[in-house]
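The block underneath contains the structure these notes are about, expressed in structure tokens.
This structure is a prediction, so every number in the text was calculated from the model and none was measured. A, B, ... follow the sequence lines: proteins, then strands. Residue 1 opens every chain.
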Amino acid sequence: MPELPEVETIRRDLAESIVGSEIVAVKILFLKTAKNDAAFFVKALINHKIEDIGRTGKLLSLKIKQKKGETENLYLLVHLKMTGQLILTSKSKKIVGGHSLNEHSFESSVGGELPNRHTRAIIEFKNGDKLFFNDLRKFGYLKIVDELEFKKIIVAGYGPEPLSPNLSVKYLTAKLKNKKKNIKAFLLDQKMIAGLGNIYVDESLFLAKIKPMRLAGSLKLIEIKSLYLAINKIIKKAIANRGTTFNNYVDSSGRKGNFSRLLSVYGRGKLPCLKCKKALVKTKLAGRGTHYCDYCQK
DNA sequence: CCTTGTGTTCTCCG
DNA sequence: CCGGAGAACACAAG
């Protein structure tokens with residue numbers, strides 16, 4: 001499940017590899033993956049270079065360099081949702097980003113069999129590099145938008161980035177005030193904070209010592225401060241560790257993300273809490289599997 | 001049955 | 001009855 005740190009890792013890897021590269025071929029293998037008219041989609045990309053790669057929350061935005069005579073900035077948006085991958089292959093080495101569901105699909109991806117049965121689109125570059133968009137569950141998408149629509153999507157759908165100054169104790173205090181939903185649902189809401197998903201929400205709440213079912217509006221200032229610091233610390237550390245390999249994420253050198261071994265509660269079921277040694281609790285909240293310590297979190 | 005990110009739809013409440 | 005908030009569902013496949 002790629003969340004902010006995983007998507008950021010992919011962004012950084014791709015930025016080093018394909019910015020400045022020219023697209024020479026575009027293949028859509030599953031029509032619904034590309035949200036535009038197929039002919040427009042291909043035409044907008046082909047014979048164009050990638051100028052820059054951005055990220056908002058879990059959404060990647062590849063800026064398409066204008067050609068002479070073109071007046072409109074276009075962006076290729078990529079959302080991986082739960083099982084999307086972006087895998088770049090080149091003749092000399094394989095550069096991989098994204099999540100595989102299991103060892104088997106990882107092997108089939110990296111072992112040289114691309115495209116595979118989950119490949120939904122392929123973008124080929126002049127230098128021979130190929131970018132594969134794989135997505136087992138077909139939730140992810142590629143979409144080309146102009147500057148206006150891009151801005152609309154960002155403004156309407158995304159709150160501040162966790163590591164930006166726009167996310168502050170002051171901002172959180174204002175947004176949490178009188179909120180009647182639980183803090184877990186609040187943190188999962190991309191309009192409140194961009195980029196947190198199930199893993200980092202559970203981890204942040206554990207570090208902040210706050211129970212996930214607490215009503216958002218019930219947090220005291222000292223708890224809001226603690227939550228703010230926890231989110232900051234967790235996201236920074238996860239990016240530094242190139243994300244969480246819960247399944248089989250690997251980076252451009254073929255290494256796995258290192259944050260999985262640093263998880264405190266996510267995926268640890270009823271194992272002993274790392275702090276108090278009592279059994280962790282796994283339940284369902286906001287429609288999601290939820291992990292916490294009933295003793296350490298208040 | 002379980003897994004989850006997000007867009008859409010439904011329901012509730014003041 | 002309206003608006004908004006929040007919950008629930010839809011999507012998809014292994």
- Item | Residue whose nearest DNA chain C nucleotide is more 5′ - A:K180 or A:R120 | A:K180
- Task: Please figure out whether A:F30 or A:N182 has its closest DNA chain C nucleotide nearer the 5' end.
- Result: A:N182
- Item | Residue A:K181, side-chain atoms from C-beta onward, closest of C:dG6, C:dA12, B:dG5 | C:dG6
- Task: Counting heavy atoms from C-beta on, name the nucleotide in B:dT3, C:dG6, B:dG5 closest to the side chain of A:K282.
- Result: B:dT3
Salt bridge or not between [X] and [Y]? Use side-chain N to carboxylate O under 4.0 Å.
X	Y	answer
A:E161	A:R55	yes
A:K175	A:D189	no
A:R12	A:E16	no

In whole angstrom, what separates [X]'s [atom1] from [N]'s [atom2]?
X	N	atom1	atom2	result
A:L136	C:dG14	CG	P	5 Å
A:L188	B:dG7	CG	P	14 Å
A:D135	C:dA13	CG	P	10 Å
A:Q190	B:dG7	CD	C1'	12 Å
A:L60	B:dT6	CG	P	12 Å
A:H79	C:dA12	NE2	C1'	15 Å
A:N134	C:dG14	CG	P	14 Å
A:M192	B:dT6	CE	C1'	15 Å

- Query: Expressed as a whole number of Å, how far does the P atom of C:dC9 sit from that of B:dC1?
  - Reply: 13 Å
- Message: Under 4.0 Å, heavy atoms only, any strand: does A:K191 hit a base, just the sugar-phosphate, or nothing?
- Response: nothing
- Message: For a side chain to side chain donor-acceptor pair (under 3.5 Å) check, start with the C-alpha distance between A:K184 and A:T290, then their side-chain angles and the critical distance, and finish with the verdict.
- Response: CA-CA 9 Å; A:K184 167 137 188 176; A:T290 298; 3.0 Å; yes
- Item | Selection residues 27-58 of chain A - residue pairs positive for ring pair (Phe, Tyr, Trp, His ring centres under 6.0 Å), sequence neighbours left out | none
- Does B:dT3 have OP1 or OP2 sitting under 4.0 Å from an N or O in the side chain of A:K284? yes
- Message: Can you tell me if A:K58 touches the phosphate of B:dT6, counting only side-chain N or O atoms and a distance under 4.0 Å to OP1 or OP2?
- Response: yes
- Just checking, is any N or O donor in the side chain of A:E147 or A:Y75 under 3.5 Å from an acceptor N or O on the other one? yes
- Polar contact flag, side-chain donor to acceptor under 3.5 angstrom, A:N73-A:Q66: yes
- Task: Please list, by residue number, the residues of residues 138-151 of chain A whose heavy atoms come closer than 4.0 Å to an atom of DNA chain C; answer none if no residue qualifies.
- Result: A:K138, A:F139
- Item | Base B:dG5 paired with A:R288 side chain (donor-acceptor, <3.5 Å) | yes
